[in-house]
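Comments concern the structure below.
Proteins get letters first, then strands, A, B, ... in listed order; numbering begins at 1 in each.
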There are 2 protein chains.
Amino acid sequence: MEQLPQYRKLYEQLRKHITNGVYRKGDILPSENELCNVNGVTRPTVRKALDLLANEGFITKHQGLGSVVNKIPKGIGILSIKGTTSAVGSENLSTKVIVKPKVMQWPENFPFPLTETELESGCIYFERLRLVDGEPFFYDITYIPNINLPRFTSYKLDNVSLFDTLREHFKLEIKGGKQHFKAVMPSKNIQDQLAIKDNQPIIQLQRKLSTNRLNFNFYSELFCNTEVYALSGGF
Amino acid sequence: MEQLPQYRKLYEQLRKHITNGVYRKGDILPSENELCNVNGVTRPTVRKALDLLANEGFITKHQGLGSVVNKIPKGIGILSIKGTTSAVGSENLSTKVIVKPKVMQWPENFPFPLTETELESGCIYFERLRLVDGEPFFYDITYIPNINLPRFTSYKLDNVSLFDTLREHFKLEIKGGKQHFKAVMPSKNIQDQLAIKDNQPIIQLQRKLSTNRLNFNFYSELFCNTEVYALSGGF
DNA sequence: AAAATCAACTTGTATATACAAGTAGAATGT
DNA sequence: ACATTCTACTTGTATATACAAGTTGATTTT
């Protein structure tokens, strides 16, 4: 894999330390100066890594005191820029591909406007069931424009981070996106897949993710059963 | 009001330009170098302002091209660090205080853990109905620890940004927070307040917001009718 | 013993500079 | 007319430096 920028390497290291329990809620991270010395980088680089952690809710910075580790949310931290696999420890979350990736036309009445290029190229479509502690938690339908992604349909996606796959094989990085939340009653199919009891509402989350490739976005639609676990995130 | 840092002034100016339509979706903002020259600041300062805009979904930065303005979501951008009043134009959103601020004990089974200091001091509690284009959209119940907020209960909160009030009168800035989303069926009271038809689920959003004051967080619980407008945000 | 002050840390804000990597349009070559 | 190359922009990454503002604990003063 290609070289990551130093601020990102530090960010991932600290993030892993937090999710692995090296630092726990209430702990104070090493100071910015200490992180400089230990990692051989300068303060703006350290601060950029810490800013990412703060943006995602892992830490809270306090002027004069330090960077305090927050409690990692028990729910699925789905609002961060990272995908779900890295938001919780991968031992809690597993993925089952229900509909394998296939190339098809975009569905009618797609919730996001599509460019002409996207429309013409069709999309790679697949459905995944995500389980937390073995229980179905959300159902994820993904649409990726079928543009310059050779042999994507042959990649295995069970228990694999889609974002990692996109990064490693296609040099695609998620840069941001937007998302819409709605509370809905589930369709029969979703009710079956998520094992939802009658009259239990679910959250429908529609996301458009932008990437480092210009004019290349992809889309996902998730249905989440929030009866046991809330959807959560920091900001 | 006290002096804002330069990066924040630029951020608010650009944000206002975007929400006011000076820049529209698809437009490219002036380059970083141009913003430096025009505003008499340096590139890291400009980049910090642009980073905030990018984090909140207002723009997408593209290396080599520029900063492209995104469409402002039609829904209520409630996931950003700013309060709801500044997420949409204030002409679309109005606020009606249903239960005026009063000091009381924390409710039982509060969804976030509370410190001993918070428990002892009680909380300032109030309820507001938020309307978009005159239609009830969400119901906001707020709990603020009753610590060092003299005469808070005398402040008017109708059609006023709570965050602005906290900033101007008490020097409290929102630094971040966490939030949990659930899909629920509304209680009778919420159904009445939000004019929700039968069997229509809603989103329950519980938020804990951290501030610049150490160990001072406040909390809100929102119920949103997402039938017409989705809850949306950028990231 | 309590209050005030001080020192040494912390993060926050900002400037200055340099080079890498990506994009678009102009210029040149075939 | 089309392809290739070049130029001049853009944002991305990173170092270096300085001072402001906040926090904590030690020290000094009362």
Side-chain angles (χ1 to χ4, degrees), chain A residues 2-12 14 26-55 58-70 81 148 171-176 210-216, chain B residues 2-12 14 26-55 58-70 81 148 171-176 210-216:
Chain A
E2 78 180 23
Q3 185 82 306
L4 284 176
Q6 296 199 88
Y7 80 86
R8 236 194 140 82
K9 284 196 264 185
L10 180 58
Y11 154 78
E12 307 249 10
L14 291 171
D27 284 357
I28 298 183
L29 291 184
S31 69
E32 292 176 6
N33 282 340
E34 188 170 340
L35 290 170
C36 291
N37 294 336
V38 168
N39 295 278
V41 295
T42 58
R43 238 188 111 211
T45 302
V46 167
R47 285 180 62 76
K48 193 166 170 74
L50 294 176
D51 280 346
L52 292 183
L53 290 168
N55 283 347
F58 285 100
I59 62 171
T60 304
K61 294 206 245 160
H62 293 281
Q63 180 175 3
L65 177 72
S67 302
V68 182
V69 176
N70 293 328
I81 197 169
N148 203 12
K171 295 190 190 304
L172 281 168
E173 299 263 354
I174 310 308
K175 305 299 269 182
S210 56
T211 68
N212 54 334
R213 202 190 281 178
L214 187 62
N215 286 334
F216 189 90
Chain B
E2 76 180 26
Q3 184 83 307
L4 284 176
Q6 296 198 88
Y7 79 86
R8 236 194 140 82
K9 283 195 265 186
L10 179 58
Y11 155 79
E12 307 251 7
L14 291 172
D27 284 355
I28 298 182
L29 291 183
S31 69
E32 292 176 5
N33 283 341
E34 189 171 339
L35 290 170
C36 289
N37 294 336
V38 166
N39 294 279
V41 293
T42 57
R43 238 188 110 213
T45 303
V46 167
R47 285 179 63 76
K48 193 168 170 71
L50 294 176
D51 280 347
L52 292 184
L53 289 169
N55 284 346
F58 284 99
I59 63 170
T60 304
K61 295 206 241 161
H62 293 281
Q63 181 176 1
L65 176 73
S67 302
V68 182
V69 176
N70 292 329
I81 198 170
N148 203 14
K171 294 186 192 305
L172 279 169
E173 298 264 354
I174 310 307
K175 305 300 268 183
S210 57
T211 68
N212 54 336
R213 201 190 284 180
L214 187 60
N215 286 334
F216 189 90

**Study point:** d(OH, Y7(A); P, dT15(D)) in whole Å
**Key:** 13 Å

Point to revise | Rounded distance (Å) that lies between atom C1' of dT15(D) and atom CG of N39(A) | key: 15 Å

Check your understanding: Over how many whole Å does the gap from L29(B) atom CG to dT10(D) atom C1' extend?
Key -> 13 Å

Point to revise | Heavy-atom closest pair, residues V41(B) and V46(B) | key: CG2-CG2, 3.7 Å

Check your understanding: Taking only side-chain nitrogens and oxygens of N33(A), does any of them come within less than 4.0 Å of OP1 or OP2 of dT10(C)?
Key -> yes

Exercise for review: Decide yes or no for K61(A) and R47(A): does some side-chain heavy atom of the first lie under 4.5 Å from some side-chain heavy atom of the second?
Suggested key: yes

Exercise for review: Would you kindly compare G64(B) and G64(A) by the position of their nearest DNA chain D nucleotide and give the one closer to the 5′ end?
Suggested key: G64(B)

Review point. Under 4.0 Å: is that the gap between some side-chain N or O of T45(B) and OP1 or OP2 of dT13(C)?
Key: no

Revision key, fill the gap. note: E32(B), atom CD; dT13(D), atom P; distance rounded to Å ~ 11 Å

Point to revise | Pairwise side-chain contact, L50(A) with I59(A), heavy-atom cut-off 4.5 Å (strictly under) | key: yes

**Study point:** Phosphate contact (dA20(C) OP1 or OP2) by Q63(B) side-chain N/O below 4.0 Å
**Key:** no

Review point. How close or far is atom P of dA18(D) from atom CZ of R43(A), stated in whole angstroms?
Key: 13 Å

Review point. Roughly how far apart are Y11(B) OH and L52(B) CG, rounded to 0.5 Å?
Key: 6.0 Å

Exercise for review: Working to the nearest 0.5 Å, report the span between CG of L4(B) and CG of L10(B).
Suggested key: 12.0 Å

Study note, to complete from the structure: Whole-Å distance, R47(B) CZ to dT15(D) C1', equals 14 Å

Check your understanding: Roughly, in whole Å, what's the span from CG in L10(B) to P in dT15(C)?
Key -> 11 Å

**Study point:** dT10(D) OP1/OP2 closer than 4.0 Å to side-chain N/O of S31(B)
**Key:** yes

Practice item. Could you tell me the separation between the NZ atom of K61(B) and the P atom of dG22(C), rounded to a whole number of Å? Key: 16 Å

Practice item. Could you tell me whether P44(B) contacts a base, only the sugar-phosphate backbone, or nothing, with contacts defined as non-hydrogen atoms closer than 4.0 Å? Key: base

Revision key, fill the gap. Taking dT13(D), dA16(D), dA14(C) as options, the one with an atom nearest any side-chain atom of T42(A) is dA16(D)

